[in-house]
Amino acid sequence: MESEALKKRLSNVKERIKKAAIDCGRDPDTVRLVAVSKTMPKDTVREAIKAGADILGENYIQEAGDKINALSSYPVSWHFIGHLQSNKAKYAVKLFDMIHTVDSLKLAKELNKQAKKINKIQKILIQVNISMESTKSGVHEEDAQKLIKEISLFENLSIKGLMTMPPFFNNPEKAMPYFSTLRELRDKIRNEAIKNVKMQELSMGMTGDFEVAIKEGATLVRIGTAIFGERN
Ligand SMILES: *Cc1c(COP(=O)(O)O)cnc(C)c1O
C-alpha cells in the first residue's frame with residue numbers, strides 16, 4: 001500500500017477509536033492501538049511507524065525478529081500476540097515489551113527463566129479462552145485465577161491484565177458478551193489484590209469488533225486489516 005493510503009487508514013482507525021471511547025464516556029487516552037503488522041513487509045511497517053503507529057503487534061517470532069532488528073532505530077513498542085511455544089520463549093523475551101498470550105504455567109516458567117537470564121522484568125497478559133472453543137488457545141475462565149496466582153510468584157514476570165479473542169461473528173454485537181465476561185473476570189481478580197499483579201489492561205477487539213470491545217472496557221485494541229488491508 002502507498003504510504004499516503006496507509007496514513008489515511010491509520011488516522012481513520014485512530015479517529016474511530018477516539019469516537020468509540022468518547023461515545024461511552026471513556027477518556028480516549030485509556031485506549032491504545034496495537035497495529036498488527038503480521039505478514040506485512042518491513043518497509044510497510046516502517047511507513048506505519050512514520051505515520052504514527054507506536055505499538056506494533058506481531059504473531060510469529062522469526063518474522064518479528066527480522067522486522068524488529070531492521071527497525072530498531074524507531075522508538076516503538078513491540079507486542080507479541082501470537083501463540084507462543086515454550087521453546088521460543090528465549091527469543092520472545094529478547095524481542096517484545098509485552099507478551100499478550102501467556103496461558104500456561106509451563107510457558108510462564110520458561111519466560112521467567114529466560115527473562116531472568118537477561119535481567120528483564122517481562123510484562124505479560126494472560127490469554128483467556130472465554131469461548132470454550134477447543135481450537136483456541138487460552139486458559140479457561142474458571143482456571144484463570146489459580147494460574148495468575150501461580151505466575152505471580154515468578155520474579156521476572158509482571159502480569160498487567162488479560163487478553164481474549166472471541167469467535168468470529170459477522171455481527172460484532174455478538175462478541176459483546178465475551179468482552180464483558182473478560183472485564184468482569186479482570187475486575188474480580190483485581191479485587192483479590194494479588195501481590196505483583198496489576199490488572200489494568202484488557203487486550204480485546206480487532207478490526208471487526210474493536211468499537212464494541214472499547215465499549216466493554218478494552219485498553220489495548222489489536223487492529224491489522226483496517227490499517228494494512230487484507231492479508232494474503
Ligand atoms: C491477526 C490478529 C489480530 C488482527 O486482526 P484484524 O482482524 O486483521 O484486525 C488481532 N489479534 C490477534 C491475536 C491476531 O492474530
Side-chain angles (χ1 to χ4, degrees), residues 1 5-6 8-17 20 31-42 44-45 47-49 51-65 67-68 76-85 88 92 95-104 107 123-139 160-176 178-179 182 201-232:
M1 197 185 313
L6 184 59
K8 228 176 234 165
R9 293 176 76 123
L10 180 66
S11 75
N12 179 260
V13 166
K14 285 185 170 178
E15 276 308 309
R16 284 172 64 190
I17 290 171
V31 186
R32 288 179 300 153
L33 168 63
V34 179
V36 176
S37 49
K38 64 172 172 229
T39 78
M40 294 299 151
K42 64 175 187 297
T44 305
V45 184
E47 292 302 327
I49 293 172
D54 55 1
I55 306 175
L56 285 305
E58 287 281 341
N59 291 57
Y60 311 103
I61 294 289
Q62 165 123 37
E63 179 194 329
K67 289 183 219 176
I68 293 170
V76 294
S77 182
W78 295 89
H79 287 202
F80 188 76
I81 63 169
H83 178 66
L84 186 57
Q85 284 163 328
K88 302 270 174 70
L95 293 167
F96 293 97
D97 297 314
M98 174 101 89
I99 297 170
H100 289 225
T101 49
V102 179
D103 63 355
S104 74
L107 174 59
K123 292 180 208 161
I124 62 168
L125 303 177
I126 303 301
Q127 181 174 4
V128 185
N129 181 0
I130 307 276
S131 65
M132 295 303 202
E133 285 177 309
S134 54
T135 53
K136 284 236 170 82
S137 319
V139 62
K160 299 294 186 190
L162 305 177
M163 178 271 206
T164 199
M165 219 168 130
F168 176 79
F169 297 109
N170 280 316
N171 175 3
E173 291 293 322
K174 292 218 169 107
M176 199 167 81
Y178 297 85
F179 298 144
L182 194 74
E201 305 288 0
L202 282 177
S203 167
M204 56 191 200
M206 310 179 12
T207 290
D209 56 18
F210 71 87
E211 278 133 330
V212 177
I214 290 169
K215 216 190 272 179
E216 295 300 324
T219 63
L220 290 163
V221 287
R222 309 178 308 265
I223 301 175
T225 308
I227 298 169
F228 294 103
E230 295 288 340
R231 288 176 293 272
N232 296 318

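Worth saying up front: this structure is predicted, and the values here are computed from it rather than measured. This chain uses plain numbering: 1 for the first residue, then up along the sequence. Remember, it's 1-based here, ligands and their atoms both numbered in the order they're listed.
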Please say whether G224 places an N or O atom under 3.5 Å from an N or O atom belonging to ligand 1.
-> yes
Has [X] got a side-chain atom pairing as donor or acceptor with [Y]'s backbone, closer than 3.5 angstrom?
| X | Y | value |
| --- | --- | --- |
| T164 | V128 | yes |
| T207 | A226 | yes |
| D103 | G138 | yes |
| S104 | L107 | yes |
| R231 | T39 | no |

What protein heavy atom lies closest to [atom]? Include the residue and the distance to one decimal.
| atom | answer |
| --- | --- |
| atom 5 (O) of ligand 1 | M206 CE, 3.4 Å |
| atom 8 (O) of ligand 1 | T225 OG1, 2.5 Å |
| atom 12 (C) of ligand 1 | I81 CD1, 3.6 Å |
| atom 11 (N) of ligand 1 | R222 NE, 2.8 Å |
| atom 9 (O) of ligand 1 | T207 OG1, 2.5 Å |

Of M165, H100, E230, which has the heavy atom at the shortest distance from atom 13 (C) of ligand 1?
-> M165
From the options H83, H79, K38, R231, select the one whose nearest heavy atom is closest to atom 3 (C) of ligand 1.
-> K38
Pick one of side chain, backbone, both or neither for how N59 approaches ligand 1, counting any non-hydrogen atom pair under 4.0 Å.
-> side chain
Check each atom of ligand 1 against the heavy atoms of I223 and keep those under 4.0 Å away; list them by number with element.
->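 Atoms satisfying the 4.0 Å criterion: 9 (O).
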Ionic contact status for E201 with R32, cut-off 4.0 Å | yes
Are the charged groups of K67 and E63 less than 4.0 angstrom apart, N to O?
-> yes
